[in-house]
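Worksheet for the structure shown next.
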Protein chains: 2
Amino acid sequence: MDKPLMSDGPVTLAHVAQRAGVSQMTASRALNGRSGVSAKTRHEVVRIATQIGYRVNVAARKLSNGRSRIIAVLAPDLTNQFIGELLIGAGEAARKVDYEMLVYTLFDETRRSHDEVLRLLQQFADGLIAILPRGATDYVKALYAASMPIVILDHRGEVAALPTIASNHYEGASMAMRHLLELGHTRIGFLTGPDEPGASTERLTAYQHVLAQHGLRVDPHLISAGDYTQRGGFEAARRLLGLKKRPTAIFAVNDMAAFGALDAIKDAGLSVPNDVSLIGFDDIPMAAQTHPPLTTIRQPLVWMGRSAVNTLLAQINGIDVASPRVTLPTELVVRASTAALSATGRVPVGTRGASAGV
Amino acid sequence: MDKPLMSDGPVTLAHVAQRAGVSQMTASRALNGRSGVSAKTRHEVVRIATQIGYRVNVAARKLSNGRSRIIAVLAPDLTNQFIGELLIGAGEAARKVDYEMLVYTLFDETRRSHDEVLRLLQQFADGLIAILPRGATDYVKALYAASMPIVILDHRGEVAALPTIASNHYEGASMAMRHLLELGHTRIGFLTGPDEPGASTERLTAYQHVLAQHGLRVDPHLISAGDYTQRGGFEAARRLLGLKKRPTAIFAVNDMAAFGALDAIKDAGLSVPNDVSLIGFDDIPMAAQTHPPLTTIRQPLVWMGRSAVNTLLAQINGIDVASPRVTLPTELVVRASTAALSATGRVPVGTRGASAGV
DNA sequence: ATGAAAGCGCTAACAC
DNA sequence: GTGTTAGCGCTTTCAT
């Protein structure tokens with residue numbers, strides 16, 4: 001029985017120590033790369049551990065010294081690609097440095113107090129990455145009270161002293177607008193998200209500012225209320241298309257809304273980008289899969305997740321993070337849903353503005 | 001200091017016992033609803049525990065008696081709604097019976113051996129629900145070897161003796177075909193998924209069988225290869241639409257592929273359902289958000305997740321599960337992407353088949 | 001009905 | 001450089 005694999009219970013440190021003819025402590029030190037072990041002993045211990053398939057017991061380690069090398073992620077929803085991408089970045093970063101990542105999901109129906117959840121997570125994880133649901137100001141309070149390293153990922157405004165990772169919504173939205181403007185569009189519709197402080201309103205603000213900066217009037221009729229969903233984007237876009245003077249371009253607050261808008265535009269018998277240019281925000285994987293593929297503003301989701309892990313790890317290891325607020329850059333991804341106004345054929349170059357309308 | 005909340009370390013059982021003036025064991029018994037405690041004592045212990053905010057330490061409990069009341073879910077991917085819905089069902093079911101659910105995600109890049117992952121999960125969880133990536137036969141082997149309660153959710157064929165939860169793909173696909181047939185369609189295209197044993201091929205088989213059962217020829221040209229993705233569905237549908245005699249209805253192997261087909265149909269200047277009827281499979285949330293909303297076959301994803309938890313819990317509690325293989329029923333969800341052939345206007349009633357073709 | 005002792009697997013602290 | 005002891009928070013077993 002050289003490999004007591006699944007034979008008689010899991011392989012423990014005691015087994016390793018015994019085989020190596022050393023004490024548990026020496027074995028522990030050797031395996032954890034601590035000093036105070038001769039190179040020869042260390043090598044032997046490691047060899048044996050590998051041979052018999054030893055793996056530390058995280059529960060025991062957590063109980064003993066408070067460290068499990070596990071980080072927990074609190075996620076509000078697992079049915080959207082946005083969060084999925086964030087998780088990919090976090091997970092890969094964690095595993096790269098020999099940590100594990102576990103995801104805890106929030107559900108509406110099963111009531112757990114915030115405090116309860118955080119305590120559970122603290123019992124097995126060394127730190128927490130929190131992706132908060134919209135408008136969860138109460139959760140933020142619980143986060144403050146928790147005595148555990150925490151990083152907030154993709155925050156929604158209200159967060160104060162906790163380290164946060166986010167991307168630059170204002171800048172991203174500005175880029176989107178400049179892109180459209182450069183293509184010659186001046187009647188640009190905006191599909192909003194929820195009307196509360198956060199990414200959605202930051203993007204709307206940029207929309208208004210850039211328009212103003214270019215000496216263009218911000219027409220309230222061109223701002224159509226949506227809610228981050230495809231259905232919401234569809235309805236909001238449809239309203240815009242029903243306008244006497246419909247926009248020649250639409251900027252959707254996020255990709256999902258843009259997908260809805262795409263449906264609405266095609267449904268109206270119009271073509272993207274020939275009749276209407278469309279730009280989204282986020283660059284979730286699906287954005288590259290529509291037809292035409294969506295021009296959008298990329299949030300570096302994977303990078304954000306990675307960054308959250310690194311910030312968290314710094315905290316866990318007691319390294320004082322210089323700036324607890326990381327803002328990552330966005331990027332314009334030009335695909336096929338936007339085109340120059342002149343290409344629409346509806347408004348010949350040089351006549352711009354003269355013959356607009358349905 | 002009545003509530004030693006975050007003051008000096010977490011509240012332990014010892015604190016509760018001390019306050020109640022009983023031994024730890026009595027406190028433990030009282031809190032766990034075990035016998036051997038007088039009603040009065042029990043009540044008092046519970047009162048105090050609640051008051052000072054006691055919560056068992058899962059790491060300690062796991063170490064002590066092997067039970068954490070946590071179930072782990074192994075998920076191959078967190079960027080798709082299908083899995084998200086499965087997880088909702090599982091999570092809610094678990095929390096309803098006072099278990100917690102934690103999700104462990106697989107990533108391509110960070111190599112962990114299957115064995116390694118399972119051992120980690122076993123160290124903190126009481127059981128595992130495995131949602132396997134496609135073609136992961138090697139994972140199944142590791143699952144067999146693992147000494148922990150396991151349930152496979154949404155299996156892909158090859159699974160043998162392990163308990164599994166799945167829905168009836170063959171029946172669902174048959175329903176889809178019958179629906180189309182009842183609407184008068186006879187030229188029905190099929191958008192396939194990956195060509196390997198599993199849901200995709202089961203659905204294809206049903207497509208072929210039902211056609212044959214109705215005395216219709218299975219035209220290989222109407223079977224177009226896709227891959228479960230939107231892009232794949234788009235390309236596959238486009239090929240179908242380019243046929244001399246294009247189908248009047250398309251059955252997509254899953255909803256994502258149907259979304260791609262929707263794009264392709266609209267792109268060809270055709271209308272759904274007026275020119276082409278379209279039906280998907282799965283009924284992920286997005287299916288209700290497209291325009292037109294997608295007719296599809298619902299897999300009871302939430303129910304499947306719930307069922308997996310219940311089956312797992314039975315195993316954990318040593319109850320011998322009668323049938324370790326649960327197959328849940330699918331359901332036809334008629335929305336707006338399918339319509340009677342006569343309504344297409346291309347083939348007048350009574351003349352069916354006479355003037356088909358582009 | 002209640003309690004004391006021992007131990008789950010590990011590591012911090014202190015020996016030697 | 002290595003070993004011993006104690007203890008993390010809990011529950012088992014075996015008293016009483």
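In this text the structure is predicted, and so the values were computed from the model without any measurement. Below, chain A is the first sequence line, B the second, and so on; all start at residue 1.
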Could you pull out all residues at least two apart from [X] that satisfy side chain to side chain contact (heavy atoms under 4.5 Å, CB included)?
| X | value |
| --- | --- |
| Thr79(B) | Gln81(A), Glu85(A), Ile88(A), Asp77(B) |
| Ser113(A) | Asp115(A), Glu116(A) |
| Glu100(A) | Ile70(A), Arg95(A), Tyr104(B), Arg112(B), Leu120(B) |
| Thr327(A) | Asn168(A) |

Quiz prompt | Bounds of contact between DNA chain C and chain B, in 5' to 3' order, using a heavy-atom cut-off under 4.0 Å | solution = dA1(C) to dG9(C)

Exercise. Sorted by first residue and then second, give each salt bridge (charged side-chain N to carboxylate O under 4.0 Å, His left out) pair with at least one member in residues 24-46 of chain B; sequence neighbours left out.
Key: Glu44(B)-Arg47(B)

Quiz item: Taking only residues at least two apart or on different chains, which pairs with a member in residues 122-132 of chain B satisfy salt bridge (charged side-chain N to carboxylate O under 4.0 Å, His left out)?
Solution: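 Residue pairs with at least one partner in residues 122-132 of chain B: Lys62(B)-Asp126(B).
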
Quiz item: DNA chain D in dot-bracket, Watson-Crick or G-U pairs under 3.5 Å, [ ] crossing, | other strand?
Solution: ||||||||||||||||

Quiz item: Quick one: what's the B/S/- string for nucleotides 11-16 of chain D, heavy-atom cutoff under 4.0 Å, read 5' to 3'?
Solution: BB----

Practice problem: Please name all residues satisfying side chain to side chain donor-acceptor pair (under 3.5 Å) with Thr12(B), sequence neighbours left out, ordered by chain then number. | Solution: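 Counting only residues at least two positions away or on another chain, Thr12(B) forms no side chain to side chain donor-acceptor pair (under 3.5 Å).
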
Quiz prompt | By side chain to side chain donor-acceptor pair (under 3.5 Å) - contacts of Thr41(B) (at least two apart) | solution =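 Partners of Thr41(B) under the side chain to side chain donor-acceptor pair (under 3.5 Å) test: Ser38(B).
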
Exercise. With sequence neighbours excluded, tell me which residues meet ring pair (Phe, Tyr, Trp, His ring centres under 6.0 Å) with Tyr54(A).
Key: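 Scan of Tyr54(A) (ring pair (Phe, Tyr, Trp, His ring centres under 6.0 Å), adjacent residues dropped) gives none.
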
